Number of protein chains: 2
Amino acid sequence: MSYTISEAAEKVGIPPTTIRYYDKEGLLPDIKRRNGIRVFEDIDLRLMGLLTCLKDTGMPIKRIREYVELTKKGDASLQERYEIIKAQRQFVMDQIEQLQFYLEELDFKDWYYNKALAAGTASVISFDDYERETGKKAPDDPKNRNG
Amino acid sequence: MSYTISEAAEKVGIPPTTIRYYDKEGLLPDIKRRNGIRVFEDIDLRLMGLLTCLKDTGMPIKRIREYVELTKKGDASLQERYEIIKAQRQFVMDQIEQLQFYLEELDFKDWYYNKALAAGTASVISFDDYERETGKKAPDDPKNRNG
DNA sequence: CCTTGACTTAGAGTTAACTCTAAGTGATAC
DNA sequence: GTATCACTTAGAGTTAACTCTAAGTCAAGG
């Protein structure tokens, strides 16, 4: 199946302008052309799916290009590409862990504002209640301002 | 306990230059001064901990300032602040879910490169093996290039 | 044949979040 | 008393990742 740039954009959820930018940056090698116009195949959309994964998990475009360059070398670059994927996989696991930590901070704030809204004021909230009610340590001390 | 900007920087893991930038942007209201020099208290460090949480979970500095401005209004802004925290909490949960999805894509790639390295080539890998071995659908079709 | 609409380019402009520069102040060490 | 050192400021510069602009090409419809 073949697609124009706007069809491809629709499919992968990236604006056509951004796809052109990625192409210019060397992230989409060997895109076919007909009369100068890009023709995208399913294989290209799959690669763009991987690029989206790498980009959205925080890999800079420069590094994604390195990865794409390596794929062009074929089997000779398997080890190097594996290292990149392995590092990114670890990076994503670390990010999830970090976000779960931050989520606990926000869980506390959520609890805090619920209490405060019920009481009509933030001035009566006790740090210890959170631990008593949830079994978790409050990441912040609600006795003070800046809640 | 009181701290200089570089001590505070050390404590919260943000460079002094960036703390000054946040101050200039209105993220740190009411920091005390002695002879023109900022004096940080524990309460300030706790607020900076929350700012780090909001910033690292993707809230723009502009929006963080809005939140900080609201805290200065006291109990009158509890509901508004709660809405911000609730939205950010949901946003973090969505991010975690998204990252877990991407992690599966990278898990597949990890499996793929392990197979390829064992075989010495990527050309023999079967899409179906991944489903057979892991019970999961391969997010990409390894029969093609750009692996 | 001419208009329309989607495509093309090079290159300039934008935005967020820093990061640096230059010039200066004030407390402490020698 | 002067050198040093951490602090201060306004404002300029940087970086990444787009995003827009202007000028142009090409195929299809009326």
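Remember, predicted model here, so these are calculated numbers, not experimental data. Proteins come first, then strands; the chains are lettered A, B, ... in the order of their sequence lines, and each starts at number 1.
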(request) Send over the distance from B:Lys32 NZ to D:dT8 P, rounded to a whole Å. (result) 15 Å
(request) Side chain of B:Thr18 only, please: which of C:dT8, C:dT19, D:dC18 is the nearest? (result) C:dT19
(message) Among B:Asp44, B:Leu51, B:Leu45, B:Ile43, exactly one meets side chain to side chain contact (heavy atoms under 4.5 Å, CB included) together with B:Leu47. Which residue is that?
(response) B:Leu51
(request) Please state how far atom CD in B:Glu25 lies from atom C1' in C:dA17, giving the value in whole angstrom units. (result) 9 Å
(request) Consider the side chain of A:Arg20, meaning its heavy atoms from C-beta on, and name the nucleotide among C:dA6, C:dT19, C:dT8 that approaches it most closely. (result) C:dT8
(request) Could you give me the CA-CA distance, side-chain angles and deciding distance for B:Asp94 and B:Gln98, then say whether side-chain hydrogen bond (donor to acceptor under 3.5 Å, both in side chains) is met? (result) CA-CA 6 Å; B:Asp94 292 348; B:Gln98 179 69 73; over 6 Å; no
(request) Measure from NZ or CZ of A:Lys109 to the centre of the six-membered ring of A:Tyr112 and say whether it is under 6.0 Å with the direction within 45° of the ring axis. (result) yes
(request) Could you state the atom-to-atom distance from CG of A:Asp23 to P of C:dA10 in whole Å? (result) 11 Å
(request) Grab the CG-P distance between B:Leu27 and C:dA16 for me, whole Å please. (result) 14 Å
(message) Applying a 4.0 Å non-hydrogen cut-off, can you work out what A:Arg38 is touching in the nucleic acid: base, sugar-phosphate, or nothing?
(response) sugar-phosphate
(request) Taking the side chain as every heavy atom from C-beta outward, state whether A:Met93 and A:Ile96 have any atom pair closer than 4.5 Å. (result) no
(message) Whether A:Asp110 and B:Lys86 form a salt bridge (side-chain N of Lys/Arg under 4.0 Å from carboxylate O of Asp/Glu) is what I want to check.
(response) no
(message) If I take atom NZ in residue A:Lys55 and atom P in nucleotide D:dA16, what distance separates them, rounded to the nearest angstrom?
(response) 15 Å
(request) Please figure out whether B:Pro60 or B:Asn35 has its closest DNA chain C nucleotide nearer the 5' end. (result) B:Pro60
(request) Report the distance from atom CG of A:Leu51 to atom C1' of D:dA16, rounded to the nearest whole Å. (result) 17 Å
(message) Can you tell me if B:Tyr21 touches the phosphate of C:dA16, counting only side-chain N or O atoms and a distance under 4.0 Å to OP1 or OP2?
(response) no
(request) Ignoring backbone atoms, establish whether A:Thr17 has a side-chain N or O less than 4.0 Å from OP1 or OP2 of D:dC20. (result) no
(message) Check this one for me: any side-chain N or O of A:Thr4 less than 4.0 Å away from OP1 or OP2 of C:dA6?
(response) no
(request) Specify the separation, in whole Å, of atom CD of B:Glu10 and atom P of D:dC7. (result) 12 Å
(request) Round to the nearest Å and state the distance from A:Lys62 atom NZ to D:dA17 atom P. (result) 10 Å
(request) Please tell me which of A:Lys24 and A:Val39 maps to the more 5' nucleotide of DNA chain C, matching each residue to the nucleotide holding its nearest heavy atom. (result) A:Val39
(message) Students often get this wrong, so: under 4.0 angstrom with heavy atoms, is B:Arg33 touching a base, only sugar-phosphate, or nothing?
(response) sugar-phosphate
